[in-house]
Amino acid sequence: MTETQPKASHFIDGAYVEDTAGTPIPVIYPATGQQIALVHSATDAIVERALISAKRAQKEWATWTGTERGRVLKRAAQIMRERNRALSILETYDTGKPLSETLYVDATSSADALEYFGGLAGALTGEHIPLGQDFVYTVREPLGVCVGIGAWNYPTQIAGWKGAPALACGNAMIFKPSETTPLCALKVAEILYEAGAPAGLFNVVQGLGDVGAKLVSDCRVDKVSLTGSVPTGRKVYAAAADGMKHVTMELGGKSPLIIFDDADLENAVGGAILGNFYSSGQVCSNGTRVFVQEAMVEPFLRRLCERLDNAVIGDPMDEATTFGPMVSENQMTIVEGFIAKGQAEGARLVYGGGRVAREGFFVQPTVFADVTDDMTIARDEIFGPVLSVLSFKTEEEVMARANDTQFGLAAGVFTADLTRAHRVVAGFEAGTCYINTYNDAPVEAPFGGSKMSGVGRENSKAAIEHYSQLKSVYVRMGDVEAPF
Ligand code: NDP
C-alpha cells in the first residue's frame, strides 16, 4: 500500500515541515476523483525558511569540488532507480498517468538527469585565453539560489530536469510543484538529502501561483526556471526581469507533425500516436497539428483509428492499461470545451469525442479530420488527447502553414526522402525537431522552444549555460601603462 499523504507539506533544510496556517490544497487521484492527500500552501514564514536555508546551503555547496557534487547527484540517481516502482506508483497517484508509462519515463528520466549532470559536474571549467604575454582566464561560477516552478504533467521529471543541472553547477534550488501534483517533488528532495546534499540545498515548498510569484520576486533569488503555460511564462518572465534574474522558460506549444505521402504509414501513425495520446495528450511538445499529404489522408485515418481501438483505457495502476485520465476535473472540462468547439467550427470527428463511462476524469482519444488552419483546435494548445488532421498538397504550402503559429516548441516530419526531411527541419521555426520519430527526449539532447514557447534549453550541455555564469579575469604580466 503506497502512502500518499506526505509526512508534511514542505521539505526544507533537510526535513519535512508543516504550517497548517497555509491554504489547504487537497490532492485528488484523477482515476477516481477521490482525495488521497492534503497539503498546505506555503505561508510567508515557510517561504522565508526555504530562502534562508537555500542561501546558506548554496554557500557551502559551492566550496565542494565538482566531482564531490557529482557524486551526490549520481548517488541520488541510484536511489531513485532502486525505488523506481514506489516512485512510479506515487507519480500515478499524483497525475493519473498509467503505471505502464510512469515506470519508464518519470523517476527514470529524473534519474537520467541526475546521472548525466552528476557526470558533467567535475568537468565544468573555464578557459584560458592567451593575449601575448598577458592572458585572461574564465571561471564558471554558480548563479546562487535558483527557483524551479513546475507544471503538473511530469512532476518527478521536471524536478529532476531543473534540479540536476542547477545543483551540478553549484547552485541551490527551491522547487515549487504545481498545486495539482504536489507529491512527487518531495521525494526528489528527500532522496537528494539522503544522497548527501547539504540540508537546504534542494527545498520543496507547496503553493498556488502566489507562492511562485513571491519566490520569483525575492531579491535573494538569482534564477527562475518555469515549466508552464505561455500566460504564466509572461508573468514570471516580467517579474524576473525586474530583478534582472536569469530565466529558463519551458512553455506551451501547438507543434506541427508533417506526414508526406512517401512516409512509412505504420511509423507515421505510431509517431502521431506518441505525439498526441501518450500521457493522455498532456505533453507540451505534442505534434497536435498533423499535416497529412492529400493521398495519404484516408489511409492514415483508417490505420490510426484501427490502432486507437487497441488502447487499453482504464485503471492506471493496472500495468496493462495504456491510456489514463486527465490530470484534473478542470483539465477534463477544458478539453471537452475544445472538442465541442471543433465540432461547432466544422471539423469532422472521426474518433472518440466524449468522456469514458467510468469514474475519474477520462476523455476518449479523439481525432478530428478536415481541420483548417483557422479553427480553434488548430490554433490553441489543448493539452489533452485531441489530434487534428489537416491535409496539404505541397511542401512549400505546408511549411508556411506549419510555421504560422505563435508557438515554436517542437516539430516533426515523416518522409522516406531524407534530403527533404533535412530541408523541412531547416525550415521549421521550432526548438526541438524530429525526423521519422516523435517526442523522444533523451537527457543528452537540448530541449526547449523558440518564439512564444520559451527561452533557454533544458538537458544536455546547453543547460550548463543557463545555470552558471562566467567570470573573466584579466592577468597582466608586465607593467601597467597609464596615460598619466
Ligand atoms: P501553469 O502555467 O498554469 O502553471 C505552471 C506553474 O506556475 C504552476 O506551478 C503554477 O502554480 C505556477 N504559477 C502560476 N502563476 C504563477 C505566477 N504568477 N508566478 C509564479 N508561478 C506561477 O501551467 P500548468 O501547470 O497548467 O501546465 C500546463 C502548461 O505547461 C501547458 O501550457 C504546457 O504546454 C506547459 N508545459 C511545458 C513544458 C515544456 O517543457 N515546454 C512541459 C510541460 C508543460 P499553480 O499550479 O499553483 O497555479
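For ligands, and for the atoms within them, numbers begin at 1 and follow the listed sequence. Sequential numbering from 1 along the given sequence is applied to the chain's residues.
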Under a 3.5 Å distance rule, please check whether T248 uses its side chain to pair with a backbone N or O of S225 as donor and acceptor. no
Show the distances, to 0.1 Å, for all pairs joining an N/O atom of ligand 1 and a protein N/O atom that are shorter than 3.5 Å, listing one pair per line.
| residue | atom | partner | partner atom | Å |
| --- | --- | --- | --- | --- |
| ligand 1 | 2 (O) | S229 | N | 2.8 |
| ligand 1 | 2 (O) | S229 | OG | 2.6 |
| ligand 1 | 2 (O) | T232 | OG1 | 2.7 |
| ligand 1 | 9 (O) | G150 | O | 2.8 |
| ligand 1 | 9 (O) | K176 | NZ | 3.1 |
| ligand 1 | 11 (O) | K176 | NZ | 3.1 |
| ligand 1 | 19 (N) | A213 | N | 3.4 |
| ligand 1 | 25 (O) | W152 | NE1 | 3.3 |
| ligand 1 | 26 (O) | W152 | NE1 | 2.9 |
| ligand 1 | 30 (O) | G228 | O | 3.3 |
| ligand 1 | 32 (O) | E381 | OE1 | 2.6 |
| ligand 1 | 34 (O) | E381 | OE1 | 3.3 |
| ligand 1 | 34 (O) | E381 | OE2 | 2.5 |
| ligand 1 | 41 (N) | E250 | O | 3.4 |
| ligand 1 | 41 (N) | L251 | N | 3.3 |
| ligand 1 | 41 (N) | L251 | O | 2.7 |
| ligand 1 | 46 (O) | S178 | OG | 3.3 |
| ligand 1 | 46 (O) | E179 | N | 3.3 |
| ligand 1 | 47 (O) | K176 | NZ | 3.4 |
| ligand 1 | 47 (O) | E179 | OE1 | 2.9 |
| ligand 1 | 47 (O) | G207 | O | 3.2 |
| ligand 1 | 47 (O) | G209 | N | 3.4 |
| ligand 1 | 48 (O) | E179 | OE1 | 3.4 |

Under the salt bridge (charged side-chain N to carboxylate O under 4.0 Å, His left out) rule, what pairs show up with a residue in residues 446-467, not counting sequence neighbours? R140-E465, K162-E458, E429-K451
Answer yes or no on whether K97 is positioned over the face of Y154, meaning its NZ or CZ is under 6.0 Å from the six-membered ring centre and within 45° of the axis. yes
Within 45 degrees of the ring normal and closer than 6.0 Å to the centroid, is that where the cationic atom of R358 sits relative to F362? yes
Salt-bridge present (E48, R220; N to O < 4.0 Å): yes
Could you go step by step and tell me if N153 and I158 meet the side chain to side chain contact (heavy atoms under 4.5 Å, CB included) rule? CA-CA 9 Å; N153 57 347; I158 293 172; 3.7 Å; yes
